[in-house]
Amino acid sequence: MSANQRATPSVNEPPGAPAVTRLSRYTKTEQEEILGSGEDPFGVAAAGLTWLPKEEHVGVRLDGRLVAHAGLLRLPVAVEGEKTEVMGVGGVAVAPGVRGRGLARLVLAAALDHARTRGPRHALLFCRPPLVPLYQRLGWHPLHTDVLVEQPGSGVVTMPLRTMVTPLHDDAHWPPGRVRLYSLPM
């Protein structure tokens, strides 16, 4: 989907149906439009991690208001020492008042459609354990190994959140082995 394209609602959808767009920016203001202005909107502050900003953004608007977001960032990774790249997915958010309406599925599908054009064979994300079932329903698979990530001043640390992957191409299979992200998490 190009930066100016949007998914058009089908004829059967009412006016104000969700519109998926590529966002030219995603700032604290847009995040607050979705999640409000709480101190820990993603519930991950206790992990004590420093996160990378995403480079590309997909959003869902409902009646003109931004209600969902997913960000993407291409990152270097190694699995059992074999270097490759993944599309990191992060900043996934759906406004509390519209949860349960399929918007997470919609925004992630649009983000992954775009990710498929970027080259990496897999997408990777980190999530809190209570969200694992949601992501599994959306086609993601939890990794059953520690994942090492970089952190300022600490060097390399073990990711305390759950790491999940999904293939971006039909013939992509995640290899077994230790995982090392050669960057801050996204």
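Heavy atoms of other residues, nucleotides or ligands lying less than 6.0 angstrom from CG of D171 number more than 12.
Panel note: side chain R74, backbone R118; a donor-acceptor pair is recorded below 3.5 Å. Proximity of a side-chain donor or acceptor of T166 to a complementary backbone N or O of G139 within less than 3.5 Å is detected. A donor-acceptor distance shorter than 3.5 angstrom exists from the side chain of E80 to the backbone of R178, with no hydrogens or angles considered. A donor-acceptor pair under 3.5 Å is formed between the side chain of E30 and the backbone N or O of T27. A distance-only check finds a donor-acceptor pair linking the side chain of R99 to the backbone of V94 [under 3.5 Å]. Put simply, the side chain of E33 never gets that close to the backbone of R65: no donor and acceptor are under 3.5 Å apart.
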- Message: Test side-chain contact (heavy atoms from CB on, under 4.5 Å) on L73 and L52; report intermediate values, then the result.
- Response: CA-CA 9 Å; L73 181 64; L52 281 174; 3.6 Å; yes

- Message: Test side-chain contact (heavy atoms from CB on, under 4.5 Å) on R61 and L66; report intermediate values, then the result.
- Response: CA-CA 4 Å; R61 294 191 184 278; L66 188 62; 3.6 Å; yes

- Task: Would you sort out whether L168 and R116 count as a side-chain contact (heavy atoms from CB on, under 4.5 Å), showing the intermediate values?
- Result: CA-CA 5 Å; L168 294 174; R116 285 181 183 91; 3.9 Å; yes

- Applying side-chain contact (heavy atoms from CB on, under 4.5 Å), run through T84 and R121 and close with a yes or a no. CA-CA 9 Å; T84 187; R121 315 258 320 133; 5.5 Å; no

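Take Y26 and apply the ring-ring contact (aromatic ring centres under 6.0 Å, His included) test, not counting sequence neighbours, and it matches H57, H69.
To the nearest 0.5 Å, atom CZ of residue R162 and atom NE2 of residue H144 are 5.5 Å apart. Here the CG-CE distance, from L124 to M159, works out to 8.5 Å after rounding to the nearest 0.5 Å.
Minimum heavy-atom separation, Q151 to G48: OE1-O, 4.0 Å.
Partner W140 forms a side-chain contact (heavy atoms from CB on, under 4.5 Å) with one of L134, T163, V89 and no other, that one being V89. Evaluated for a side-chain contact (heavy atoms from CB on, under 4.5 Å) with V107, the options L112, V60, V67 yield exactly one hit, V60.
Considering only heavy atoms from C-beta on, V44 stays 4.5 Å or farther from L49 through its side chain.
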